Peer 1: 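The structure under discussion is supplied below as structure tokens; questions concerning it will follow.
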Amino acid sequence: MSEELDFAGAVLAVVELIPPARVMTYGDVAATLGSRGARAVGRVMAESGGTVAWWRVIRADGRPPAGHEADAVAEYRSEGTPLTAASAHTGADPKDVRVDLARARWEPDLD
DNA sequence: CAGTTGACAGTCC
DNA sequence: GGGACTGCCAACT
């Protein structure tokens with residue numbers, strides 16, 4: 001088995017390893033793959049988005065991908081992902097919501 | 001084969 | 001704290 005898969009396959013594999021209530025930045029996923037193409041990771045998500053927990057992969061700012069903030073926030077509240085106090089306030093706009101990377105950031109093979 | 005685009009990241013002002 | 005510029009990698013035209 002190993003990394004016989006394409007770059008996209010490797011990205012999807014890492015995303016699938018991310019447990020609930022946890023998130024990884026595009027840069028972290030890319031670094032795990034040995035690459036530094038954070039944008040390349042985002043491309044894979046856009047292509048395979050819907051078949052993987054894309055909401056568990058966010059930007060370094062702690063914000064979900066543009067145009068999908070609402071969908072991501074809905075998943076965060078459903079899984080209990082740690083959000084910032086400002087965004088945890090109900091009624092706040094989805095674009096104002098941020099994930100607390102200080103606590104939600106997760107990396108594979110570690111706990 | 002070279003240029004452009006993109007669900008990004010890090011640094012500078 | 002927020003906005004702008006540059007660098008990165010992979011796929012498309």
Side-chain angles (χ1 to χ4, degrees):
Chain A
M1 348 210 303
S2 304
E3 287 64 57
E4 294 298 326
L5 301 171
D6 292 344
F7 188 84
V11 173
L12 296 175
V14 175
V15 175
E16 286 289 337
L17 293 174
I18 303 175
R22 288 282 192 239
V23 298
M24 285 182 71
T25 66
Y26 292 96
D28 284 357
V29 175
T32 302
L33 300 178
S35 295
R36 301 171 66 187
R39 309 175 52 161
V41 176
R43 170 166 278 287
V44 175
M45 301 305 299
E47 187 177 354
S48 298
T51 58
V52 295
W54 57 266
W55 58 85
R56 290 181 190 160
V57 184
I58 62 178
R59 297 182 54 150
D61 296 338
R63 294 183 0 195
H68 295 270
E69 308 98 341
D71 284 1
V73 173
E75 296 293 343
Y76 299 149
R77 294 185 179 281
S78 182
E79 298 192 346
T81 305
L83 305 174
T84 57
S87 58
H89 183 267
T90 55
D93 291 344
K95 297 186 66 173
D96 187 42
V97 175
R98 295 193 282 91
V99 175
D100 190 349
L101 286 173
R103 293 184 295 175
R105 201 176 193 185
W106 177 87
E107 45 190 309
D109 208 29
L110 291 174
D111 195 330

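What you see is a predicted model, and the numbers here were worked out from it, not measured in a lab. Atom set for the values below is all heavy atoms of this structure, side chains included, hydrogens, waters and symmetry mates excluded. All chains are named by letter (A, B, ...) in the order of the sequence lines, taking the proteins before the strands, and each is independently numbered beginning at 1.
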Peer 1: Could you check how far CD of A:E47 sits from C1' of B:dC8, rounded to whole Å?
Peer 2: 17 Å

Peer 1: Rounded to the nearest Å, what distance is computed from the CG atom of residue A:D6 to the P atom of nucleotide C:dC12?
Peer 2: 11 Å

Peer 1: Between the base of B:dG10 and the side chain of A:R36, is there any donor-acceptor pair under 3.5 Å?
Peer 2: no

Peer 1: Would you say B:dC8 has OP1 or OP2 under 4.0 Å from some side-chain N or O of A:R59?
Peer 2: yes

Peer 1: Please give the nucleotide sitting opposite C:dC12 as a Watson-Crick or G-U wobble pair, both distances under 3.5 Å, or none.
Peer 2: B:dG3

Peer 1: Nearest-Å distance, CZ (A:R39) to P (C:dT6)?
Peer 2: 14 Å

Peer 1: When all nucleic acid strands are considered with a 4.0 Å heavy-atom cut-off, which category describes A:G42: base, sugar-phosphate, or nothing?
Peer 2: base

Peer 1: Roughly how many Å is it from CZ in A:F7 to C1' in B:dA7, rounded to a whole number?
Peer 2: 14 Å

Peer 1: Any chance the rings of A:W54 and A:H68 have centres within less than 6.0 Å?
Peer 2: yes

Peer 1: Look up atom CG in A:L33 and atom CZ in A:F7, then write down how far apart they are to the nearest 0.5 Å.
Peer 2: 5.0 Å

Peer 1: Which comes earlier along DNA chain B counting from the 5' end, the contact point of A:A60 or that of A:A40, where each point is its nearest nucleotide?
Peer 2: A:A40

Peer 1: Output the rounded distance in Å from CE (A:M24) to P (B:dC8).
Peer 2: 16 Å

Peer 1: Report the distance from atom OH of A:Y26 to atom P of C:dC9, rounded to the nearest whole Å.
Peer 2: 19 Å

Peer 1: Pick out which of A:E79, A:E75, A:E16 makes a salt bridge (charged side-chain N to carboxylate O under 4.0 Å, His left out) with A:R56.
Peer 2: A:E79

Peer 1: Atom CH2 of A:W54 and atom C1' of B:dG6: how far apart are they, to the nearest Å?
Peer 2: 17 Å

Peer 1: May I have the distance from A:R43 (atom CZ) to B:dA9 (atom P), rounded to whole angstrom?
Peer 2: 16 Å

Peer 1: Which pair of non-hydrogen atoms, one from A:R63 and one from A:R98, has the smallest distance, and what is that distance?
Peer 2: CG-CG, 3.7 Å

